[in-house]
Amino acid sequence: MEKIAIYPGSFDPVTNGHIDIIKRGCRLFDKVIVAVLMNSQKNHLFSMEERLYMLKKSLRDMPNIELDSFGGLLVDYAEKKNANAVLRGMRVLSDFDYEFQMALMNRKLNRNIQTVFLMSGLKWIFTSSSIIKEAARFGGDINNMVPAIVEEKLKEKFRAMG
Ligand code: COA
């Protein structure tokens with residue numbers, strides 16, 4: 001049986017911390033489906049199309065990746081894609097409560113789908129999309145924290161916003 005994992009998130013925008021988890025996930029699974037959540041409660045800086053474009057550019061050298069978007073329950077989407085795992089990165093202790101809660105809820109909703117956690121690389125432990133956006137908004141150096149295409153799009157976006 002093919003081992004397929006879903007790596008879900010908002011990816012507003014994708015960071016090197018996400019890429020690190022995806023790369024390591026690709027070594028564990030036959031296929032990793034990077035799935036961008038639609039209709040989240042969050043106020044996004046980038047549209048769905050922009051987020052998918054940046055992911056596509058950043059992941060283009062990885063063969064066993066599929067890019068997609070999804071709405072509704074994650075476990076329903078996973079089942080539809082024949083995935084048996086959800087891949088999540090764990091950064092700092094503060095992630096634990098939320099991740100644990102989500103993993104338990106997903107398990108209650110569908111026992112066939114396992115949540116697999118990878119510890120974030122040390123370099124990315126304290127990064128997040130929001131903190132990187134905040135730094136970029138005020139002209140801070142975000143080089144090496146995001147793929148080149150993301151750095152470019154962030155600069156473009158904040159320039160356009162004045
Ligand atoms: N490196 C750097 N940053 C990371 C990271 C890593 N390895 N992993 C996560 N992050 C950051 C993200 O950039 C994001 O930052 P932000 O809040 O500043 O934007 C933050 O951690 C949250 O991560 P994300 O992975 O995008 O999670 P989310 O909370 O936005 O979405 C879903 C989580 C999509 C898995 C969840 O909302 C979901 O499954 N929704 C569908 C409905 C559902 O089934 N719910 C669960 C059962 S009720």
Side-chain angles (χ1 to χ4, degrees), residues 1-42 44-132 144-151 153:
M1 197 175 75
E2 221 192 355
K3 284 197 227 101
I4 303 175
I6 308 285
Y7 183 54
S10 324
F11 303 107
D12 184 40
V14 61
T15 69
N16 284 347
H18 296 125
I19 305 274
D20 172 54
I21 299 287
I22 297 170
K23 277 190 179 155
R24 287 154 59 204
C26 280
R27 287 193 232 129
L28 296 174
F29 295 95
D30 299 314
K31 182 156 86 177
V32 173
I33 302 175
V34 179
V36 186
L37 177 67
M38 291 187 284
N39 313 322
S40 99
Q41 313 288 352
K42 289 184 180 176
H44 294 122
L45 176 66
F46 292 103
S47 68
M48 175 61 78
E49 290 67 33
E50 290 172 316
R51 284 179 280 153
L52 284 169
Y53 175 78
M54 288 184 278
L55 277 163
K56 188 171 162 202
K57 287 271 177 186
S58 312
L59 302 172
R60 70 182 151 199
D61 298 328
M62 289 180 232
N64 53 338
I65 294 278
E66 185 182 313
L67 256 182
D68 198 9
S69 56
F70 78 103
L73 281 183
L74 175 61
V75 288
D76 291 346
Y77 172 73
E79 194 158 79
K80 195 179 95 192
K81 300 297 278 185
N82 291 319
N84 34 26
V86 168
L87 178 64
R88 295 289 290 167
M90 189 81 85
R91 288 166 302 168
V92 280
L93 195 59
S94 51
D95 278 349
F96 183 80
D97 279 0
Y98 174 60
E99 292 296 338
F100 196 55
Q101 216 176 14
M102 209 157 56
L104 285 177
M105 176 55 92
N106 284 336
R107 192 167 138 80
K108 196 170 168 50
L109 294 170
N110 187 331
R111 295 187 76 81
N112 297 324
I113 296 169
Q114 305 297 329
T115 304
V116 174
F117 292 104
L118 289 181
M119 251 176 75
S120 266
L122 197 56
K123 264 162 88 182
W124 320 117
I125 287 275
F126 291 104
T127 62
S128 74
S129 300
S130 305
I131 206 104
I132 290 172
N144 292 329
M145 292 182 148
V146 289
I149 182 69
V150 174
E151 190 176 352
K153 291 287 168 197

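- Taking CE of M38 as the reference point, atom OG of S10 lies at 13.0 Å (rounded to 0.5 Å).
- Taking OG of S47 as the reference point, atom OH of Y53 lies at 12.5 Å (rounded to 0.5 Å).
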Dump the intermediate steps for side-chain contact (heavy atoms from CB on, under 4.5 Å) on M54 and F11, then the final yes or no. CA-CA 9 Å; M54 288 184 278; F11 303 107; over 6 Å; no
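- V116 approaches A85 most closely through the heavy-atom pair CG2-CB, 4.2 Å.
- Annotation: ring-ring contact (aromatic ring centres under 6.0 Å, His included) contacts involving residues 88-111, sequence neighbours excluded, comprise F96-F100.
- A salt bridge is defined here as a Lys NZ or Arg NE, NH1 or NH2 lying under 4.0 Å from an Asp or Glu carboxylate O, and D20 with R24 meets this definition.
- Annotation for E2: atom CD counts as buried by contact number, over 12 foreign heavy atoms lying within 6.0 Å.
- K57 and I149 get closest at one heavy-atom pair: CB-CG2, 3.8 Å.
- Two residues are said to be in side-chain contact when any heavy atoms from C-beta on lie closer than 4.5 Å; V146 and V14 fail this criterion.
- Within the structure, every pair that satisfies the salt bridge (charged side-chain N to carboxylate O under 4.0 Å, His left out) test and touches residues 87-98, not counting sequence neighbours, is listed here: R88-E99, R91-D95.
- R107 CZ to T115 OG1: the interatomic distance, rounded to the nearest 0.5 Å, is 9.0 Å.
- The distance from atom CG of N82 to atom CE of M1, rounded to the nearest 0.5 Å, is 9.0 Å.
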Run H18 and T15 through side-chain contact (heavy atoms from CB on, under 4.5 Å) and show every step you take. CA-CA 5 Å; H18 296 125; T15 69; 3.3 Å; yes
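- A donor-acceptor pair is defined here as one N or O able to donate and one able to accept, closer than 3.5 Å; such a pair exists between the side chain of D30 and the backbone of K3.
- When the options L109, N110, N106, I113 are evaluated for a side chain to side chain contact (heavy atoms under 4.5 Å, CB included) with L74, the one that passes is N106.
- Side-chain contact check for F70 versus L37: some heavy-atom pair is nearer than 4.5 Å.
- Contact annotation: the side chain of K123 never approaches that of N16 to less than 4.5 Å [non-hydrogen atoms, C-beta and beyond].
- The closest donor-acceptor contact from the side chain of R51 to the backbone of D12 lies at 3.5 Å or more, if one exists at all.
- Between S69 and Y77, the shortest heavy-atom contact is O-CE1, 4.2 Å.
- Within 6.0 Å of CG on L28 lie more than 12 heavy atoms contributed by other residues, nucleotides or ligands.
- Within the 3.5 Å criterion, the main-chain N or O of C26 finds a donor-acceptor partner in the side chain of N64.
- A35 and I6 get closest at one heavy-atom pair: CB-CG2, 3.9 Å.
- For the pair L52 and K56, the minimum side-chain heavy-atom distance is 4.5 Å or more.
- Between D68 and K81 there is a salt bridge, since at least one side-chain N of the basic residue sits less than 4.0 Å from a carboxylate O of the acidic one.
- The residues E66 and K31 are annotated as salt-bridged, a charged nitrogen and a carboxylate oxygen being separated by less than 4.0 angstrom.
- For the atom pair CG (L59) and CD1 (I22), the distance works out to 4.5 Å, reported to the nearest 0.5 Å.
- When all heavy atoms are compared, the tightest approach of P13 to S129 is O-OG, 2.9 Å.
- For M62, the CE atom sits in a packed shell: over 12 heavy atoms of surrounding residues, nucleotides or ligands are nearer than 6.0 Å.
- Atom CD1 of residue I4 and atom CG of residue L87 lie 13.5 Å apart, to the nearest 0.5 angstrom.
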